[in-house]
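Structure first, then comments.
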Amino acid sequence: MCRTLAAFPTTCLERAKEFKTRLGIFLHKSELGSDTGSVGSKHSKEGNFPEDVLAWRESFDLLLSSRNGVAAFHAFLKTEFSEENLDFWLACEEFKKLRSATKLASRAHRIFEEFIRCEAPKEVNIDHETRELTRTNLQAATAACFDVAQGKARALMEKDSYPRFLKSPAYRDLAAQASATTSSPCSPAEPSHT
């Protein structure tokens, strides 16, 4: 064992291992891959992970602006078989970054086919008017052609899925561990010299 870790009390090391295990629920490498991408990283400065976890309950925007938050939320939605709204929201965020008109048109049609059309593989829950408006917007695809549908999917997640995520045992356990880590006198960032 390295000398730095040997200085920690056994209980702190056990707590750190337990936190790492619970964190693993959310942070599978596949979850941090292209599905969740780096959408959140442009908005937030990923800081101390425990503090980041605690910030997710402050607002849905803070959750979406955190790469780890998006990964955790996505993992939760998968357990409910309801990840299509977040997948659509993420696809729209990536879509808005495109600059080529050809790529915009091509990607817009793929997004429409995957998420918007009736009986799409990952059909999002939007009303008929929004679906038709989006179909019309595809005739001259711009970076804003999914804005209305994306806004409705986001609002649905914020009002429905996000509160359930915050009440889920997985998030509550993770938040409790994060609270214990941030208030612990023996956090790994500050070795105790007893």
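Not measured: the values here are computed from a predicted model.
- S66 and G69 make their closest contact through OG-N, 2.9 Å (heavy atoms, listed as atom of the first residue, atom of the second, distance).
- Ion pairing of E94 with R107 is absent here, as no side-chain N (NZ or NE/NH1/NH2) approaches a carboxylate O to less than 4.0 Å.
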Pair L138-H109, side-chain contact (heavy atoms from CB on, under 4.5 Å): steps then yes or no: CA-CA 7 Å; L138 289 185; H109 285 285; 4.0 Å; yes
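- In terms of heavy-atom proximity, L77 sits nearest to L86 at CD1-CB, 3.6 Å.
- Rounding to the nearest 0.5 Å places CG of N125 at 8.5 Å from CD of E84.
- The backbone N or O of D61 lies less than 3.5 Å from a partner atom in the side chain of S65, making a donor-acceptor pair.
- Not one N or O on the side chain of Y162 forms a donor-acceptor pair closer than 3.5 Å with the backbone of A155.
- Taking Ile, Leu, Val, Met, Phe, Trp and Tyr as hydrophobic and joining them when side-chain heavy atoms fall under 4.5 Å apart, one finds L133 in a cluster with V148.
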Residue pair E83, K122: steps toward the side-chain contact (heavy atoms from CB on, under 4.5 Å) verdict: CA-CA 9 Å; E83 69 269 19; K122 294 182 174 181; 5.7 Å; no
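- Hydrophobic clustering (side-chain heavy atoms under 4.5 Å, transitive across Ile, Leu, Val, Met, Phe, Trp, Tyr) groups W56 together with M157.
- To the nearest 0.5 angstrom, F146 atom CZ is 4.5 Å from I111 atom CD1.
- In terms of heavy-atom proximity, I126 sits nearest to T130 at CD1-CG2, 4.1 Å.
- A donor-acceptor pair is defined here as one N or O able to donate and one able to accept, closer than 3.5 Å; such a pair exists between the side chain of T79 and the backbone of F76.
- F73 and L156 are members of different hydrophobic clusters when ILVMFWY side chains are connected at heavy-atom separations under 4.5 Å.
- By the salt bridge (Lys or Arg N to Asp or Glu O under 4.0 Å) test, R131 pairs with E123, sequence neighbours left out.
- With sequence neighbours excluded, no residue forms a side chain to side chain donor-acceptor pair (under 3.5 Å) with R172.
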Test ring-ring contact (aromatic ring centres under 6.0 Å, His included) applied to F60 and F165, step by step: CA-CA 11 Å; F60 190 54; F165 169 69; 9.2 Å; no
side-chain contact (heavy atoms from CB on, under 4.5 Å) between N85 and F115, worked out: CA-CA 8 Å; N85 285 325; F115 298 104; over 6 Å; no
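- The pair E114-R110 fails the salt-bridge criterion, with no side-chain N (NZ, NE, NH1 or NH2) lying under 4.0 Å from an Asp/Glu carboxylate O.
- Nearest heavy atom pair, residue A149 against residue T134, reads CB-OG1, 3.8 Å.
- A distance of 13.0 Å separates SG in C92 from CZ in R154, rounded to the nearest 0.5 Å.
- Here the straight-line distance linking atom SG of C145 with atom CZ of R135 works out to 13.0 Å at 0.5 Å rounding.
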